[in-house]
Peer 1: 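The structure under discussion is supplied below as structure tokens; questions concerning it will follow.
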Amino acid sequence: MPAPSRTSLPERPAFQRALLRWYETHQRSLPWRKNGNPYRILVSEFMLQQTRVETVIPYYERFLKRFPSLRDLAKAPLQEVLKAWAGLGYYARARNLHEAAKAIVREWGGKIPRTKEELLLLPGFGPYTAGAVASLAFHQPVPALDGNAKRVLGRLFPEQCDFSRMSAKKQADEFLAGWIPPRRAADFNQALMDLGAMVCIPSSPRCTACPVFRFCATKGKIPKKKRVVRKVREEIWAVALVEKDGKFLLHRKEGRGLLSGLWQFPSVAVEKNQGKRGNSQDPGKLLEKYLREDFGLETRIKTSLPEQEHLFTHIHALMKPYLGSLAGTRPSFPNSGSLRWVGASAFSRYPISTAMCKIAALVGS
DNA sequence: GTCCTGAATC
DNA sequence: GATTCAGGAC
């Protein structure tokens, strides 16, 4: 393969010195940076996928108290892991982290693999997370390009690191590999990310505070970011608050889709174009039908409660909550694995999404 | 395309 | 109050 282009680029040692010197005095003080513990770094990197530092910190602290070691995490039930994750979003990350911990115990004797290639084989590890753990925890000289670092490189070296081009992604990775000081890989990668977070910010970068301004090709000129037009679909969810003796029916969502593994009040999607040609779309009736067919429960859905809205990346959900009760003469009282009667004060013992917490709040929690 | 949430900004 | 933004893996 051709060597990365090194023509018309700054002296690497000078660039590295400038960046590392800045990092020594300006680095962010983050809980997972305190003692270089690979497990703590691994947990933080999973939480930091698609999630901002300030959001992660309280979850991180609680998670580490609950699962102090990789083996603690590996032997815990998924439900416990999800409970510690509830509210943080992107719950596949929690599943992947749990699966990865189990795989590391099973296949690596509980020792986190040290190389990017080995880490990439584990669930939930993509190029960034594998590079981050390999470099930050094990000081391997490999790239770890998060959104911040990509923006920094895209501005510093737009020719070599044009991340708008798909084909250039690999090229940029190889380019960066040649710039990592072999003995300071962790500091160098973190310096790029911190620079992106604090100085080379998305809009109005603070170029006067930049330690590598003299190496920068664009001098803060913001490259036009491609507008990501994502289409959001509107959904209406009928949500059943079935009450019995002060307890409510909770249901664990199965599968691998949206909010799977988390507990919710039994819900069904309602067609939007209701009312036309009498296609029975009364939310209450739909819920009764759903509860009867899927859980064998005869219920009476009654009062409607105030609608709640929740916005996901790709779904704009309007939740219509209804109070209901059991109707059958037989006391059907399912407390199976995925169906429970739970008092409002005990909701917090279950992993419940932020969306469903809005519903839970209606009946006091 | 699917998967989430909270903060920033209009 | 509604929209945008920020952040990776599969």
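Numbers restart at 1 for each chain; the letters A, B, ... are given by sequence-line order, proteins then strands.
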Peer 1: Step through the shown structure and confirm whether more than 12 heavy atoms of other residues, nucleotides or ligands are within 6.0 Å of CZ on A:Arg349.
Peer 2: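 Counting neighbours around CZ of A:Arg349, 12 or fewer heavy atoms of other residues, nucleotides or ligands fall under 6.0 Å, so no.
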Peer 1: Please figure out whether A:Lys231 or A:Gly87 has its closest DNA chain B nucleotide nearer the 5' end.
Peer 2: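 Its nearest nucleotide lies further toward 5', so the answer is A:Lys231.
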Peer 1: Determine the contact category for A:Thr51: base if any of its heavy atoms lies under 4.0 Å from a base atom, sugar-phosphate if only primed atoms, P, OP1 or OP2 are that close, otherwise nothing.
Peer 2: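 Base contact - A:Thr51 has a heavy atom under 4.0 Å of at least one base atom.
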Peer 1: Between A:His314 and B:dT2, is there a contact of a side-chain N or O with OP1 or OP2 at under 4.0 Å?
Peer 2: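 Checking B:dT2 against A:His314, no side-chain N or O comes under 4.0 Å of OP1 or OP2.
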Peer 1: Check the phosphate of B:dT5 against A:His310, side-chain N and O only, distance under 4.0 Å to OP1 or OP2. Yes or no?
Peer 2: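 Answer yes for this pair, as a side-chain N or O of A:His310 is under 4.0 Å from OP1 or OP2.
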Peer 1: If we check side chain to side chain contact (heavy atoms under 4.5 Å, CB included) with A:Met47, which of these qualifies: A:Leu97, A:Ile57, A:Val56?
Peer 2: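 Single pass found, and it is A:Val56.
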Peer 1: Could you tell me the separation between the CZ atom of A:Arg233 and the P atom of B:dG1, rounded to a whole number of Å?
Peer 2: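 Those two atoms, CZ and P, are 12 Å apart.
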Peer 1: So, is A:Tyr90 near the phosphate of C:dC10, with a side-chain N or O under 4.0 Å from OP1 or OP2?
Peer 2: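 For C:dC10, OP1/OP2 do not have a side-chain N/O of A:Tyr90 under 4.0 Å.
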Peer 1: In whole Å, what is the span from the CD1 atom of A:Ile57 to the C1' atom of B:dA7?
Peer 2: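 One finds 15 Å between C1' of B:dA7 and CD1 of A:Ile57, rounded.
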Peer 1: Would you say A:Thr354 reaches B:dT5's phosphate, i.e. side-chain N/O to OP1/OP2 under 4.0 Å?
Peer 2: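 Checking A:Thr354 against B:dT5: at least one side-chain N or O falls below 4.0 Å of OP1 or OP2.
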Peer 1: Report yes or no: is the cationic atom of A:Arg62 (NZ for Lys, CZ for Arg) closer than 6.0 Å to the six-membered ring centre of A:Tyr59, at no more than 45° off its axis?
Peer 2: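 Yes.
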Peer 1: Mark yes when over 12 heavy atoms from residues, nucleotides or ligands other than A:Lys289 sit less than 6.0 Å from its NZ; otherwise mark no.
Peer 2: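 Open: at most 12 neighbouring heavy atoms sit under 6.0 Å from NZ of A:Lys289.
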Peer 1: Picking from C:dG8, B:dG6, C:dC10, which would you name as closest to the side chain of A:Asn96?
Peer 2: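 Comparing C:dG8, B:dG6, C:dC10 against the side chain of A:Asn96, the answer is C:dC10.
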Peer 1: Heavy atoms only, 4.0 Å cut-off, all strands: where does A:Tyr128 land among base, sugar-phosphate and nothing?
Peer 2: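 It contacts sugar-phosphate atoms only.
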Peer 1: If you restrict it to nitrogen or oxygen atoms, what contacts under 3.5 Å exist between nucleotides 8-10 of chain B and the protein, and what is each distance?
Peer 2:
none

Peer 1: Please classify the nucleic acid contact of A:Leu311 as base, sugar-phosphate, or nothing, using heavy-atom distances under 4.0 Å.
Peer 2: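 Here A:Leu311 touches the bases of the nucleic acid.
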